[in-house]
Amino acid sequence: MSKPLIYQMLPRLWGNIRGGQKPWGTVEENGTGTFSGIDSETFAYLRSMGFSHVWYTGIIRHATACDTRGCSRSDQSWVKGNAGSPYSISDYFDVNPYLADNPDNRMAEFEDLVRRTHEAGLKVIIDFVPNHVARDYGKHSPEPIINGIDANGHPVLGANDDKSVHWTAENDFYYYPGQHLRLPVKGSSYKEYPAKASGNCFTAEPGINDWFDTIRINYCDFHTSTWDKVLEIIRFWASKGVDGFRCDMVELVPVEFMTWLIKSAKAEYKDLIFIAEVYQKHQYSTYVRKVGFDYLYDKSGLYDAIKDIVRKNTSDSMSQAGEWQSTRRITGNWQFLGDLQPRMLNFLENHDEPRFGSPEICGDPENSMASLYTSLFLNTAPFMVYFGEEVGECGQDVEGMSGQNNRTTIFDWWKIGSVSRLYDEIHGGDALLPKERELLEKYRKALTMAATEPAVIKGTTYDLCYCNLGSWGFDRDRHFAFLRDYENSTLLFVCNFSDRDSELDVRIPEHAFSWMGLKKTAQLNPDAPLRVAVKAFDAIVLRLDSNDGSI
């Protein structure tokens, strides 16, 4: 048993150390990472950090404005950015040609990446996007397409649809007979008739903030041929050795379909992992207990709580922030989850969210330690790191489609400075800036502890905040303390979410001693609080030896 630690990586951006940084640049100008760039040094680095899984984001072939490196250009009117969105999939049975050294050999190169990942002792996760596909889905499928099946024997969504009706259970997509698609892009000459519903809206006229680069899949809440076609997608990638799927926006597809899909897939591949991107906390139980997901994003729970605390829980804003932005919110989410807690996926960053060290959240990557220790160590749930997070990437580049939005682009060809320096560093260079190297070592220490410490991997959690009301220096709105315990190993974590260095007492109550079997001593007992010092936005961990009470 181990605590899953996931590294999310965009192969397009990882290893692109010789690329450029021209806004709206082409692949020739800015370059791209490749499957082969994820090499033995990369795997050695990931293992040294304690990771167990790699989520390769943007593997499956998606729409792009590129017509070189084996790609076939989709219409620029709706492709987002020059590189295109990984979530606008144009062929579910192919990989992106630009990721291959030899585009004609791209699937074999991907299979070799899977093999090398497994040989390094890591598992492979890729995206599964059940709700939508690219507007020109099927255009890139091998010809000829006969009776909805391409030349490789794979079903092509929409190939047999009756486009004269808005909806029928036999169709894979939704149509607007008699209406042309009207894109929210000035000067667009793209023709789609009849128009299809876009990924997040039912209209022939999607807005600028809609997912107009995609079309929505029609599932129904009962078994249809569309269900069978989508199951074939999962089977295909599982047969390639993929170990799990991060499932995009599952709340937009019927739970009946996802329940059937997971059960059917696991009947053939029992160890497959399914991770759900969900946002409605009141639905968490349904997606775990009924639908069968292994793990859920805890975005609307722990992530949002920590983000709001860091953004608002400072000395200047606390008087206006109120309790809802206090560290008590962490306790509230932990209590809400109950026995669902181990099924959550915790994180500080992913491709949808701002970089944690950006001005939008904590303003400096050095201010992330209290957040990291809480999210990583509070429970046995998996934890995910977004590539570059560990060296303080702040998402301040102006790439093109993304612009300067505190995020790392998923739409553009680009070289990320901090990631390039990290890549050079793990290949024997001396490229990281001193602050980047210092943060990397803090992450390495924390992650390897999470990967190896029994009290973290399988221990129980004891929240100490409730019993420290009135303790000297302990601020229940800015400090968060908890125990992790397993057999003879007990750890005390104290996290300071204040922008001020803090000295405080932490009291461990009688109940914790009896429940965890801690031995009382003169230095460690309910009547002798532990005095600790924690720097602003930082965290500490103390080992409490249950045999002799030493710290």
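These numbers come from a predicted model, not from an experiment.
- For the atom pair CZ (Phe212) and CG (Leu181), the distance works out to 10.0 Å, reported to the nearest 0.5 Å.
- Legend: residues meeting side-chain hydrogen bond (donor to acceptor under 3.5 Å, both in side chains) with Thr226, ordered by chain and number and at least two apart, are Asp172.
- Using a 3.5 Å distance cut-off with no hydrogens or angles, the side chains of Asp412 and Trp24 do not pair a donor with an acceptor.
- In this structure, the side-chain contact (heavy atoms from CB on, under 4.5 Å) partners of Leu272, at least two apart in sequence or on a different chain, are Ile234, Ala238, Phe245, Ala265, Tyr269, Phe274.
- Counted by atom type alone, Asp39 and His427 present one or more donor-acceptor pairs between their side chains at under 3.5 Å.
- Partners of Lys80 by side-chain hydrogen bond (donor to acceptor under 3.5 Å, both in side chains), not counting sequence neighbours: none found.
- Between the side chains of Glu390 and Tyr7, a donor-acceptor pair is found at a separation under 3.5 Å.
- Ring-plane geometry between Tyr190 and Trp78 is classed as perpendicular, the angle between the planes exceeding 60 degrees on a 0 to 90 degree scale with a lower cut at 30.
- When each of His351, Glu389, Glu349, His53 is tested with Gln8 by the rule side-chain hydrogen bond (donor to acceptor under 3.5 Å, both in side chains), just one qualifies, namely His351.
- Ring geometry for Phe293 versus Tyr287: interplanar angle of 30 to 60°, hence tilted.
- With a 6.0 Å cutoff to the six-membered ring centre and a 45° limit on the axis angle, Lys281 counts as a cation-pi contact of Phe336.
- Here salt bridge (Lys or Arg N to Asp or Glu O under 4.0 Å) pairs that include residues 232-246, with residues two or more places apart or in two chains, are Glu111-Lys240, Asp127-Arg246, Glu232-Arg235, Arg235-Glu268, Arg246-Asp248, Arg246-Glu277, Arg246-Asp352.
- Applying the salt bridge (Lys or Arg N to Asp or Glu O under 4.0 Å) rule to Asp136 yields no partners; only residues at least two apart in sequence or on another chain are considered.
- Ion pairing between Asp424 and Arg421 fails under the 4.0 Å rule for side-chain N and carboxylate O.
- Interatomic distance, Phe356 CZ to Leu348 CG, rounded to the nearest 0.5 Å: 5.0 Å.
- A salt bridge does not link Arg69 to Asp101: none of the charged nitrogens lies less than 4.0 Å from a carboxylate oxygen.
- Ionic pairing of Lys22 and Glu29 is present here: one or more N-O contacts between side-chain nitrogen and carboxylate oxygen are shorter than 4.0 angstrom.
- Using a 3.5 Å distance cut-off with no hydrogens or angles, the side chains of Asp304 and Asn333 do not pair a donor with an acceptor.
- For the residue pair Glu399 / Thr409, no side-chain donor-acceptor distance below 3.5 Å is found, with atom types taken as modelled.
- When all heavy atoms of Gly50 and Thr448 are compared, the closest pair comes out as N-CG2, 4.2 Å.
- For the residue pair Tyr56 / Thr117, a side-chain donor-acceptor distance below 3.5 Å is found, with atom types taken as modelled.
- Side-chain contact between Leu5 and Val385 is absent, with no heavy atoms from C-beta onward closer than 4.5 Å.
- The main-chain N or O of Gln396 is found under 3.5 Å from a side-chain atom of Gln404 such that the two form a donor-acceptor pair.
- Legend: residues meeting side-chain hydrogen bond (donor to acceptor under 3.5 Å, both in side chains) with Tyr174, ordered by chain and number and at least two apart, are Asn218.
- Residues Ala195 and Ala204 share a closest heavy-atom pair of CB-CB, 3.7 Å.
- Arg407 is listed as a side-chain neighbour of Glu360, based on a closest heavy-atom distance under 4.5 Å.
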